[in-house]
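Read through the structure below, which is laid out as structure tokens, and then see the notes.
Residues take their numbers from the sequence shown, with the count starting at 1. Since this is a predicted model, take the numbers as computed values, not measurements.
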Amino acid sequence: KVSMTEEGMLAYPLARKISEDCAELATMFGDAGQLLLLGASSVPGRYLLPGYMTQYIKQQPDCRYQLRLGDTEQVHELLKTGEIRIGFVGAMSDREGTEYYPLAEDRLVMIAPNENAYKQMKSSGCFGRELLSRPMIAREEGSGTDRSMMDYLRETGYPTEQLNIVARVNDPEAIKQMVSQGAGIAVISARAVEKEAREGSLLIFEIDSTPLRRNIYLAWRRDTAFAAGETEFMHFLKKECGAAGTLTPV
């Protein structure tokens, strides 16, 4: 049996910190700086990042990246554990340990199947909030979409316990299919239904007279020391999103 001596127990925290600092230095100045460890919630991961990553790789052909998808809470957890170093989320949930930059704006809309009853409601100028009593397919709890919608309902005084949520689904593509087949209505990012809006395969309702908007945030741990490649990538994103020189941490 091997056990740590009293002196070893005293020295362990310092030794561990030295080891972590060495690993951080290796990341900053070694080859690992060219590997971008990214995590994104559904909307930025599916509808924002693919285009920007394609542009970036064309400019920096030596760059390599790993992208992990999850909901907003899962991305925050990956940041905490160090499995990713840069995140993209639809809501802020850890202001103490995480730095946030509002990278892009997103708009939430209500979608409904292209059926006569909904067509009549749309032609009469109905807003999505008037459809809330109908069966609903909701995003998973912990997603930025669900948080933003629940915040809106609480602010407007709508009793959330009265929502008729028939399913919670973590994939926007699956939600669109369910809605188109008549399973119910859903709140989703306008970015996710651009194609369907053009084709008219789904009916799109603004949720209220003032569109429901939220930010998509670039996020990282406050104690992160970035490698040169990571810093360059973040500057690229800010420039492409029209935010270079204008953003301040939230």
Solution key, residues 197-204 side-chain donor-acceptor pairs under 3.5 Å, sequence neighbours excluded:
residue, atom, partner, partner atom, Å
Glu199, OE1, Lys195, NZ, 3.3
Glu199, OE2, Lys195, NZ, 3.0

| query | What heavy-atom pair brings Leu153 and Thr156 nearest, and what distance separates the two atoms? | reply | O-OG1, 3.1 Å
| request: Report yes if some heavy atom in the side chain of Trp220 is under 4.5 Å from a heavy atom in the side chain of Tyr101; otherwise report no. | output: yes
| query | Are Ile86 and Leu37 close enough that some pair of their side-chain heavy atoms sits under 4.5 Å apart? | reply | no
| request: Could you note down all residue pairs passing side-chain hydrogen bond (donor to acceptor under 3.5 Å, both in side chains) where residues 133-143 supplies at least one of them, sequence neighbours left out? | output: Ser42-Arg139
| query | What do the steps show when you test Leu163 against Met150 for side-chain contact (heavy atoms from CB on, under 4.5 Å), and what is the final call? | reply | CA-CA 11 Å; Leu163 293 174; Met150 290 302 169; 3.7 Å; yes
| field | Verify same cluster id: Ile207, Ile165 (apolar side-chain graph, 4.5 Å) | value | yes
| said: My understanding is that only residues two or more places apart in sequence, or in another chain, count here; which of them pass side chain to side chain contact (heavy atoms under 4.5 Å, CB included) with Ala91? | reply: Thr72, Arg147
| request: Quick one: list whatever passes side chain to side chain contact (heavy atoms under 4.5 Å, CB included) with Pro211, sequence neighbours left out. | output: Arg107, Glu206, Arg213
| message | Tell me the closest heavy-atom pair linking Val89 and Ala219, and the distance in Å. | response | CG2-CB, 4.3 Å
| said: Quick check on the hydrophobic clustering: are Ile188 and Val43 connected, directly or via other members, by side-chain heavy-atom contacts under 4.5 Å? | reply: no
| field | Same apolar cluster (I L V M F W Y, side chains within < 4.5 Å links), Leu131/Val109 | value | no
| message | Tell me if the OH atom of Tyr12 is crowded by more than 12 foreign heavy atoms within 6.0 Å. | response | no
| request: Please name all residues satisfying salt bridge (Lys or Arg N to Asp or Glu O under 4.0 Å) with Glu232, sequence neighbours left out, ordered by chain then number. | output: none
| Check against side-chain contact (heavy atoms from CB on, under 4.5 Å), Leu218 and Phe88 | CA-CA 5 Å; Leu218 183 63; Phe88 302 83; 3.4 Å; yes
Which donor-acceptor pairs under 3.5 Å do the side chains of residues 61-69 make with protein atoms, sequence neighbours left out?
residue, atom, partner, partner atom, Å
Arg64, NH1, Pro61, O, 2.9
Arg68, NH1, Glu83, OE1, 2.8

| Pairwise distance CZ(Arg222) to CD(Glu96) - rounded to 0.5 angstrom | 8.5 Å
| Qualifying residues under side chain to side chain donor-acceptor pair (under 3.5 Å), relative to Ser93, sequence neighbours excluded | Glu73, His76
| request: State whether the number of non-hydrogen atoms from other residues, nucleotides or ligands found under 6.0 Å of Glu6 atom CD is greater than 12. | output: no
| said: Taking Phe127 as the starting point, is it possible to reach Tyr158 by hopping between hydrophobic residues whose side chains are less than 4.5 Å apart? | reply: no
| task | Indicate yes or no: at least one non-hydrogen side-chain atom of Leu108 is less than 4.5 angstrom from one of Val187. | result | yes
| request: Give the minimum heavy-atom separation between Arg85 and Thr224, together with the two atoms involved. | output: NH2-CG2, 3.6 Å
| note | Here the gap from Glu115 atom CD to Met121 atom CE, rounded to the nearest 0.5 Å, amounts to 12.0 Å
| So, are Arg221 and Glu99 salt-bridged, with charged N and O less than 4.0 Å apart? | no
| query | From Cys241 SG over to Tyr52 OH, what is the distance, rounded to the nearest 0.5 angstrom? | reply | 3.5 Å
| query | Of the non-hydrogen atoms in Tyr217 and Gly90, which two are nearest, and what is the gap between them? | reply | CD1-C, 4.4 Å
| query | Looking at residues at least two apart in the chain, or sitting in another chain, which of them share a side chain to side chain donor-acceptor pair (under 3.5 Å) with Asp151? | reply | Arg154
| note | Nearest heavy-atom contact between Gln55 and Glu240 is OE1-OE1, 3.0 Å
| request: Could I get the full list of ring pair (Phe, Tyr, Trp, His ring centres under 6.0 Å) partners for Tyr56, not counting sequence neighbours? | output: Phe233, Phe236
| field | Non-hydrogen atoms of Pro44 and Pro50 that approach each other most closely | value | O-CD, 4.0 Å
Sequence neighbours left out, cut at 3.5 Å: what donor-acceptor pairs do the side chains of residues 174-186 make with other protein atoms?
residue, atom, partner, partner atom, Å
Lys176, NZ, Glu173, OE1, 3.3
Lys176, NZ, Glu173, OE2, 3.1
Lys176, NZ, Ala192, O, 2.7
Lys176, NZ, Glu196, OE2, 3.1
Ser180, OG, Lys176, O, 3.3
Ser180, OG, Gln177, O, 2.8

| field | side-chain contact (heavy atoms from CB on, under 4.5 Å) between Arg214 and Thr145, intermediate numbers included | value | CA-CA 9 Å; Arg214 63 167 182 175; Thr145 299; 3.4 Å; yes
| Stepwise side-chain contact (heavy atoms from CB on, under 4.5 Å) test for Glu230 and Leu36 | CA-CA 7 Å; Glu230 293 170 327; Leu36 303 174; 3.8 Å; yes
| What pairs of residues pass the side-chain hydrogen bond (donor to acceptor under 3.5 Å, both in side chains) test when at least one of them lies in residues 159-172, not counting sequence neighbours? | Asp146-Arg168
| Side chains of Ser41 and Asp71, donor plus acceptor under 3.5 Å | no
| query | Is there a path from Tyr47 to Met149 through hydrophobic residues (I, L, V, M, F, W, Y) whose side chains come within less than 4.5 Å of each other? | reply | no
| remark: d(Asn215 CG, Leu103 CG) to nearest 0.5 Å is 9.5 Å
| task | Tell me yes or no: between the side chains of Tyr152 and Asp208, is some donor less than 3.5 Å from an acceptor? | result | yes
| message | The criterion is salt bridge (Lys or Arg N to Asp or Glu O under 4.0 Å); which residues satisfy it with Lys58, sequence neighbours excluded? | response | none
